[in-house]
Amino acid sequence: MPELPEVETVRRALAHSLARRRIVAVEGTGLALRRPLDVPVLQARLPGRTLLAPRRRGKFLLLDTDPSGSLLVHLGMTGRLLVADAGSERPRHTHLVVSLDDGRELRFVDPRRFGLAVWLAPGQEAVDPSLAALGLEPLDPTAPRLLPPLLHARRAPLKALLMDQRLVAGVGNIYATEALWRAGVRPGRAGCRTSPARLRRLVLAVQEVLEEAIDQGGTTIRDFAGPGGDPGAFAVRLQVYGHAGARCPRCGGTLRTTRLAGRSTVWCLRCQR
DNA sequence: CCAGTATCCTGCAGGC
DNA sequence: TGCCTGCAGGATACTG
């Protein structure tokens, strides 16, 4: 389940392995992803371009090229970007293959097809609906100052607000769950019923957990892997996600599970207020 | 405008 | 063993 730390891990790996590689060909299955995978457009635009260092915005990756333009990628739930030798066997559900000038290829693999790969011409980035709707980058130094008032203005449960990409871009179910536990805040608490001081603590907890996860190369529950196929190491550091029914590592209470905003949520009844 | 829910998709786990 | 059901949840379309 790629959230910000997983996407950032992929970005860093691709920055090393793809920079200055020239694209020579593109193949695609034509199967629909979240948005239609427009293979003819990708085949018309990508070959001949050189890949630059990728950027990340929320959970989106922007593979910038020279001449300018970008391949916008979202990994959805089960998406992977893999770099492998062109001769090697392609995994099931490989929807897009970008061949490089050094005999390797970039593969977009996504069994559940919640992901996305679209060409953005110069200038399109500013008007792309997915990107334009994104809120604050949670790791931005201004987040602890700017985010609490936005959360305080809303009646929805804090967990739903943290996962709302229009407010904060990049936090998903795993890290929202962990940050709320770290901050000692109940996931179902309404934003407007939480003090600014607690909201600030919550935002700092979000930053902390995201940074630690990036340091560990992301979290692998089932599907995530870096471009080389390697799993992230943060799963062992998850304190509550996936541990419903276990003891709370902080107070020894029982971790409960509920559904909030359609997502499973784990929290400690005793020490999360 | 805001909050909550249904929807897309596949793989896997659990029950029988 | 095999079939069925439910769950996992990213973004987004829809409803109230």
Side-chain angles (χ1 to χ4, degrees), chain A residues 1-11 28-37 56-62 72-81 90-96 108-118 120 127-136 138 149-180 187-194 210 213 218-225 231-232 235 238 240-245 256-267:
Chain A
M1 305 139 205
E3 303 180 29
L4 188 152
E6 291 72 42
V7 178
E8 178 63 19
T9 297
V10 172
R11 188 196 70 77
T29 58
L31 263 179
L33 302 177
R34 167 150 293 284
R35 289 192 221 166
L37 181 61
R56 179 192 58 74
R57 176 78 173 98
K59 300 174 194 172
F60 289 85
L61 270 178
L62 290 142
L72 176 67
V73 174
H74 194 292
L75 299 177
M77 274 291 296
T78 54
R80 297 181 179 194
L81 281 177
R90 292 175 182 168
R92 257 187 102 182
H93 307 293
T94 299
H95 301 299
L96 183 69
F108 181 73
V109 183
D110 186 8
R112 264 149 82 180
R113 289 159 49 199
F114 280 14
L116 173 81
V118 292
L120 293 182
V127 294
D128 182 86
S130 302
L131 293 174
L134 292 178
L136 286 171
L150 298 178
L151 298 172
H152 196 67
R154 303 281 295 268
R155 280 188 304 158
L158 282 170
K159 173 138 182 286
L161 296 175
L162 288 180
M163 291 172 59
D164 186 341
Q165 304 300 298
R166 295 166 298 183
L167 284 174
V168 209
V171 179
N173 201 30
I174 294 175
Y175 297 108
T177 298
E178 291 294 313
L180 284 157
R189 178 181 279 280
C192 62
R193 298 197 53 193
T194 312
L210 292 178
T219 301
T220 296
I221 301 292
R222 184 178 298 144
D223 298 299
F224 173 70
L238 295 175
V240 286
Y241 183 91
H243 293 109
R256 334 204 141 222
T257 179
T258 47
R259 273 189 99 70
L260 208 51
R263 300 290 170 252
S264 73
T265 301
V266 187
W267 58 291

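Lettering follows sequence order; numbering is per chain, from 1. Just the heavy atoms: all of them, side chains too, but no hydrogens, waters or symmetry mates, feed the values below.
Atom CG in A/Asp110 sits about 14 Å away from atom C1' in C/dA8, given to the nearest Å. Regarding A/Leu134, its CG atom lies at a distance of 14 Å from the P atom of C/dG10, rounded to whole Å. Protein atom CZ of A/Arg259 is 7 Å distant from nucleotide atom P of C/dC7, rounded to whole Å. The distance from atom CG of A/Leu131 to atom P of C/dG10 is 18 Å, rounded to the nearest whole Å. Counting to the nearest Å, the P atom of C/dA8 and the CG atom of A/Leu75 are 21 Å from each other. Rounded to an integer number of Å, the gap from A/His152 NE2 to B/dC2 C1' is 17 Å. Note: CZ (A/Arg57) to P (C/dG10) measures 17 Å, nearest angstrom. Rounded to an integer number of Å, the gap from A/Leu61 CG to C/dA11 P is 13 Å.
Defining each end axis of the helix from B/dC2-C/dG16 to B/dC16-C/dG2 as the rotation carrying four pairs' C1' atoms onto the next four, with five pairs an end, the two axes are found to diverge by 50° to 10 degrees.
Among residues two or more places apart in sequence or in another chain, the salt bridge (charged side-chain N to carboxylate O under 4.0 Å, His left out) test is passed with A/Arg189 by none. Checked against side chain to side chain contact (heavy atoms under 4.5 Å, CB included), A/Pro36 has no partners two or more places apart in sequence or in another chain. Considering only residues two or more places apart in sequence or on other chains, A/Arg90 meets the side-chain hydrogen bond (donor to acceptor under 3.5 Å, both in side chains) condition with A/Glu27, A/Glu105. For A/Arg11, the side-chain hydrogen bond (donor to acceptor under 3.5 Å, both in side chains) criterion is met by A/Glu8, not counting sequence neighbours. Legend: residues meeting side chain to side chain contact (heavy atoms under 4.5 Å, CB included) with A/Ala153, ordered by chain and number and at least two apart, are absent. Under the rule for a side-chain hydrogen bond (donor to acceptor under 3.5 Å, both in side chains), the partners of A/Thr258 that lie at least two apart in sequence or sit in another chain are A/Trp267. Looking at residues two or more places apart in sequence or on another chain, you find no ring-ring contact (aromatic ring centres under 6.0 Å, His included) involving A/Tyr241. Taking the side-chain hydrogen bond (donor to acceptor under 3.5 Å, both in side chains) definition, one finds that A/Ser130 meets it with A/Arg35, sequence neighbours left out.
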Are any protein N/O atoms closer than 3.5 Å to N/O atoms in nucleotides 14-16 of chain C? If there are, list each pair with its distance.
none

Side-chain donor-acceptor contacts of residues 157-170 of chain A below 3.5 Å, not counting sequence neighbours, with atom names and distances?
from: A/Lys159; atom 1: NZ; to: A/Asn173; atom 2: OD1; distance (Å): 2.6
from: A/Lys159; atom 1: NZ; to: A/Thr265; atom 2: OG1; distance (Å): 2.7
from: A/Asp164; atom 1: OD1; to: A/Arg166; atom 2: N; distance (Å): 2.9
from: A/Asp164; atom 1: OD1; to: A/Arg166; atom 2: NE; distance (Å): 3.1
from: A/Asp164; atom 1: OD2; to: A/Arg166; atom 2: NH2; distance (Å): 3.2
from: A/Gln165; atom 1: OE1; to: A/Gly170; atom 2: N; distance (Å): 2.8
from: A/Gln165; atom 1: NE2; to: A/Met163; atom 2: O; distance (Å): 3.0
from: A/Gln165; atom 1: NE2; to: A/Val171; atom 2: O; distance (Å): 3.0

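Using bins of under 30°, 30° to 60° and over 60° for the plane-to-plane angle, the ring pair A/Phe60/A/His74 lands in the perpendicular bin.
The side chain to side chain contact (heavy atoms under 4.5 Å, CB included) with A/Val240 is formed by just one residue from the set A/Thr257, A/Ile174, A/Leu180, A/Val266; it is A/Val266.
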Quiz item: How does each nucleotide of nucleotides 3-10 of chain B score, in 5' to 3' order, for protein heavy atoms under 4.0 Å: base (B), sugar-phosphate only (S), or none (-)?
Solution: SS---BBB

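Of the side-chain N and O atoms in A/Thr78, none sit less than 4.0 angstrom from OP1 or OP2 of C/dG10.
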